[in-house]
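Structure first, then comments.
Only this structure's heavy atoms are used, side chains among them; waters, hydrogens and symmetry mates stay out. Numbers restart at 1 for each chain; the letters A, B, ... are given by sequence-line order, proteins then strands. The structure presented is a predicted model; accordingly, all values stated were derived computationally and were not measured.
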Number of protein chains: 2
Amino acid sequence: MTTADRPYHHGELPEALIAAGLRLSRAGGSAALTLRAVTREAGVSATAAYRHFTDRDHLMRDTARRTRRALADTMLETIAELGTDLPPDAQAVQRLRGVGLGYIRFALDEPGWFDLAFSMPDDPSAAPSDRPGPFELLMDSLDAMVATGVLAPERRNGAEWACWGSVHGFADLVARGPLRDQERPVVDQLGRNVVESVIAGVVAGSLDGVRLRPDGSC
Amino acid sequence: MTTADRPYHHGELPEALIAAGLRLSRAGGSAALTLRAVTREAGVSATAAYRHFTDRDHLMRDTARRTRRALADTMLETIAELGTDLPPDAQAVQRLRGVGLGYIRFALDEPGWFDLAFSMPDDPSAAPSDRPGPFELLMDSLDAMVATGVLAPERRNGAEWACWGSVHGFADLVARGPLRDQERPVVDQLGRNVVESVIAGVVAGSLDGVRLRPDGSC
DNA sequence: GGGTAATGTTGACAACGTACACATCGCCAC
DNA sequence: GTGGCGATGTGTACGTTGTCAACATTACCC
């Protein structure tokens, strides 16, 4: 055909497809990221995407990685807003707080991107990013807590999963679960509770610190 | 047609469709619960389901409810295995522990059902079940902790979301996330950590109990 | 300048959800 | 009994999706 309006070759198709994917998923989540919708949006035939992505999953994974980068940005913004002029130990805790609150804020502000971000398992064979991702930010804050003495070293192991799970689970409740259409102030307050709880839980490690033995008896 | 082999009318079609949905989703998660696959499995034409369910979502919601019932059963089994001959206050904590560990166990043992269970938002207009669901079991255990004095009443509010989020998030990490193909013993240990952390966090409420002020300073 | 690989298009296929018209059956009124 | 009517199941069809194979166009390098 080639109506001479658009050149036959796009030139920047991979980037254009990902950009279209970001637009679509922002509004409609991972389900809206359709191969045909994305190519339509880019003004290209449906099968053109196969020259740059092996299949739909490939495009989704690459697009999801971008949304995770946006999540990391939100975390960093949240950390900055919380303030940075604290003594090192308190600053380390503050960073963990920012990681958690930023995660929840992202899920609330960008539910479509949040859905996409974790609907795809990240393949470990991907090129490493220059900037730290959400998970690296979490690890760094926990390491800093150990380094400054706030977190006992023997409690560091596995702490990332307790933190990530807590915040991710709550964000999921808010984005897709029973807390879906709660008022924003209510959700914000609950989110603060969750973050404070998990920080306390990770630091305390078990009920030992609060008058209970490990088996649950008092 | 009616080859006289099968009668024209199935008789128990709604139940048969849900049973087929449970079989399919058990192996392939929510994506495998296809209207056509379910009707095929039941030996019935593709559109027969529309006589009993308004659309695919309706069938999925009803099937998902069954998987949530199975989850509640796993929770109760786990509570029973942990032992029931404890003083009331310790027993209340033990029940919370069983709720959390049962949730994680279910996600590990039945990843397909777990995926389906929470892929659909539950509609509040459904008929209430006779047996308590997963959420009721959680609420009951927290209430018992308040009643026996283990949990301060002022910390009861919102505690269910911190607990649910923690455990749900961790289960999601294990079922679909980066912990997807970890060894079972490792995951079990991490799961115990998560549950102990969240219990400690809910009881402690904030870092107050462990030498830190709310703003994070020491 | 001509050949080759990269890139984009067309057409097709199977699977999906779903609407519509039609077939078959249980059951109740007469 | 027997008619008819509502409930239940079937067949066909349409539009959408992911994906493959064959073909068209272009960039680029010898």
Side-chain angles (χ1 to χ4, degrees), chain A residues 1-25 27-64 112 115-116 119-121 123, chain B residues 1-25 27-64 112 115-116 119-121 123:
Chain A
M1 191 170 294
T2 66
T3 57
D5 190 13
R6 302 275 177 209
Y8 189 90
H9 284 122
H10 186 288
E12 306 272 357
L13 191 50
E15 198 54 39
L17 292 177
I18 290 178
L22 286 171
R23 270 195 302 277
L24 290 165
S25 61
S30 59
L33 206 155
T34 288
L35 214 42
R36 292 184 115 105
V38 164
T39 50
R40 215 179 293 138
E41 189 105 342
V44 103
S45 77
T47 54
Y50 286 93
R51 300 298 158 190
H52 307 277
F53 302 92
T54 64
D55 55 1
R56 181 187 180 226
D57 260 33
H58 185 190
L59 174 60
M60 286 187 82
R61 270 197 302 274
D62 282 12
T63 312
D115 174 48
L116 176 60
S119 66
M120 300 264 85
D123 64 326
Chain B
M1 189 171 296
T2 64
T3 58
D5 190 11
R6 303 273 178 210
Y8 190 91
H9 284 119
H10 186 288
E12 305 272 356
L13 191 49
E15 197 54 39
L17 292 177
I18 290 179
L22 286 171
R23 270 195 303 276
L24 290 165
S25 61
S30 60
L33 205 153
T34 289
L35 214 42
R36 291 183 116 107
V38 164
T39 50
R40 214 179 296 136
E41 189 104 344
V44 104
S45 76
T47 52
Y50 286 94
R51 299 299 158 189
H52 304 279
F53 302 92
T54 64
D55 55 3
R56 181 187 180 226
D57 259 34
H58 185 189
L59 174 59
M60 287 187 81
R61 271 196 302 273
D62 281 13
T63 312
D115 174 48
L116 176 60
S119 65
M120 300 263 85
D123 64 324

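- DNA chain C lies under 4.0 Å from at least one heavy atom of each of the following residues of residues 49-60 of chain B: Tyr50(B), Arg51(B), Asp55(B), Arg56(B).
- Atom CG of Leu13(B) and atom NE2 of His52(B) lie 4.5 Å apart (nearest 0.5 Å).
- Shown are Asp57(A), Asp62(A), Leu33(A); of these, the side chain to side chain contact (heavy atoms under 4.5 Å, CB included) with Met120(A) is made only by Asp57(A).
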Between Ile18(A) and Phe53(A), is a side-chain contact (heavy atoms from CB on, under 4.5 Å) present by the stated rule, with each step listed? CA-CA 11 Å; Ile18(A) 290 178; Phe53(A) 302 92; 4.1 Å; yes
Stepwise, does the side-chain contact (heavy atoms from CB on, under 4.5 Å) test hold for Leu24(B) with Glu41(B)? CA-CA 9 Å; Leu24(B) 290 165; Glu41(B) 189 104 344; 4.2 Å; yes
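- Counting to the nearest Å, the P atom of dG17(C) and the CG atom of Leu17(B) are 13 Å from each other.
- One finds the CG atom of Leu116(A) at 12.0 Å from the CZ atom of Arg61(A) (value rounded to the nearest 0.5 Å).
- Nearest heavy atom pair, residue Ser119(B) against residue Ser30(B), reads OG-CB, 3.6 Å.
- Of all heavy-atom pairs spanning Thr39(A) and Arg36(A), the tightest one is OG1-O, 2.9 Å.
- Residues from residues 34-47 of chain B that place a heavy atom under 4.0 Å from any atom of DNA chain D, listed by number: Arg36(B), Val44(B), Ser45(B), Thr47(B).
- Val38(B) and Ala20(B) get closest at one heavy-atom pair: O-CB, 3.9 Å.
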